[in-house]
Amino acid sequence: MQDMRFIKRITPLLAMAVLVGCGDGADKPVAEAGAASEAAVVVPAEAVHVAAAASGGSAACLDAPAMRTVGNTWTITTDGQRDVNTVAELATYRGQSAYRTHTENSAGTVADAYGNVVDGVVHWYGSVMTQPAINESYNQPSFSVPADLPQDQTHSVSFDSITVQPGAEPFVMKLTNTVTYQGRERIETAFGAFDTCKMEFSTEGSMVPKTTWQQWIIASGKFAGLPLRMSNVQGTTQASSIEVSW
């Protein structure tokens, strides 16, 4: 089965997800240490002060057009690992019109995630990993959530998560995923401040113990829709740099 740590990193990124372009070209804005603007997202997670920000729905974070524009790329570095993502094409994936987001990271993982926003609903259809091992994991029906959840609203959906590996019978798990939009939080750092949507995700099923994690997704500016922080039982991680092509 796929490494869920990898999937959680790219999920809100519709790569979902949350999560291209290499190099320091002038046409690629970069957020990194020393940049004293909204483009900066670098400080240890424990040094971040989080304060309440103005309220607003989750659409600014979950429905980011830049992440559904073919050719757009973004790179996120967290704990020294670079996740390089590109919106490769609008494709047909298991009968659904979906954007294929290709992700490669410095740990050697290569995968394609398929998702779309249809009539105000975010759909995550599945993903195909080609390295370090070949497997596919897809959802029937899709893992879906309204893009514009009001603050403190929870949405749950049940579906079959089907994993396919070469030479093996498909493995089916019945899962229930819950998403809660916990409101806006303004994360202030020594290098800038960001309005974010705090989202809580949980997954549980008959064969899977309940797993819960939180993500803080940037809500405005050129980095809207990209994850800034993630927290789970293993701790909290925060992006040390972000680079986008738009």
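Only heavy atoms go into these numbers, but all of them, side chains included; no hydrogens, no water, no symmetry mates. Given the structure is predicted, the values throughout are model-derived calculations rather than measurements.
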* After noting the C-alpha distance and the side-chain angles of S240 and T78, does the key distance pass the side chain to side chain contact (heavy atoms under 4.5 Å, CB included) rule? -> CA-CA 6 Å; S240 58; T78 306; 5.9 Å; no

* Is it true that V164 and I134 fall in one hydrophobic cluster, defined by side-chain heavy atoms closer than 4.5 Å? ->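 As far as the 4.5 Å side-chain criterion goes, I134 and V164 are not connected within one cluster.
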
* Hydrophobic cluster membership, V121 vs Y125, 4.5 Å side-chain cutoff ->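 No, no single cluster joins them.
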
* **Derivation and outcome, side chain to side chain contact (heavy atoms under 4.5 Å, CB included), residues S144 and W124** => CA-CA 6 Å; S144 61; W124 292 290; over 6 Å; no

Spacing of [atom1] belonging to [X] relative to [atom2] belonging to [Y], to within rounding of 0.5 Å:
{"X": "L175", "Y": "T178", "atom1": "CG", "atom2": "OG1", "value": "11.0 Å"}
{"X": "K174", "Y": "D160", "atom1": "NZ", "atom2": "CG", "value": "3.5 Å"}
{"X": "M173", "Y": "M207", "atom1": "CE", "atom2": "CE", "value": "6.0 Å"}
{"X": "C61", "Y": "Y181", "atom1": "SG", "atom2": "OH", "value": "6.5 Å"}
{"X": "F223", "Y": "F194", "atom1": "CZ", "atom2": "CZ", "value": "7.0 Å"}
{"X": "L62", "Y": "D148", "atom1": "CG", "atom2": "CG", "value": "9.0 Å"}

Check whether the side chains of [X] and [Y] place a donor and an acceptor atom closer than 3.5 Å, and report yes or no.
{"X": "H155", "Y": "Q153", "result": "no"}
{"X": "T237", "Y": "D79", "result": "no"}
{"X": "N116", "Y": "H123", "result": "no"}

* Asked: Is the closest basic N to carboxylate O distance between R229 and E185 below 4.0 Å?
  ->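 Here R229 does not pair with E185 in a salt bridge, since their nearest N and O are not under 4.0 Å apart.
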
* Asked: Do the charged groups of R186 and D195 touch, with an N to O distance under 4.0 Å?
  ->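 The answer is yes: the pair qualifies as a salt bridge.
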
* Asked: Does a side-chain heavy-atom distance below 4.5 Å link I218 with I242?
  ->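 Side chain of I218 against side chain of I242, heavy atoms only: contact under 4.5 Å found.
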
* **Donor-acceptor contact present, side-chain T236 to main-chain N232, <3.5 Å** =>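 A pair under 3.5 Å: no.
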
* R100 to Y114, cation-pi by 6.0 Å centre distance and 45° axis angle ->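 Not satisfied by the 6.0 Å and 45° rule.
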
* Output field: ring centroids F159/F143 closer than 6.0 Å ->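 Ring-ring flag for F159/F143: true, centres closer than 6.0 Å.
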
* Hey, what's the ring geometry for F201 with W213, parallel, tilted or perpendicular (30° and 60° as the breaks)? ->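 Plane angle under 30°, so parallel.
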
* To do: Verify side-chain hydrogen bond (donor to acceptor under 3.5 Å, both in side chains) between S241 and T77, making sure each step is shown before the conclusion.
  => CA-CA 5 Å; S241 69; T77 301; 3.3 Å; yes

* Closest heavy-atom contact between R184 and A60? ->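 That would be NH2-CB, 3.6 Å.
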
* What heavy-atom pair brings S58 and P146 nearest, and what distance separates the two atoms? ->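 Where S58 meets P146 most closely, the heavy atoms are OG-O, 4.4 Å.
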
* Out of S206, S202, S158, which one pairs with T176 under the side-chain hydrogen bond (donor to acceptor under 3.5 Å, both in side chains) rule? ->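 Option passing the side-chain hydrogen bond (donor to acceptor under 3.5 Å, both in side chains) with T176: S158.
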
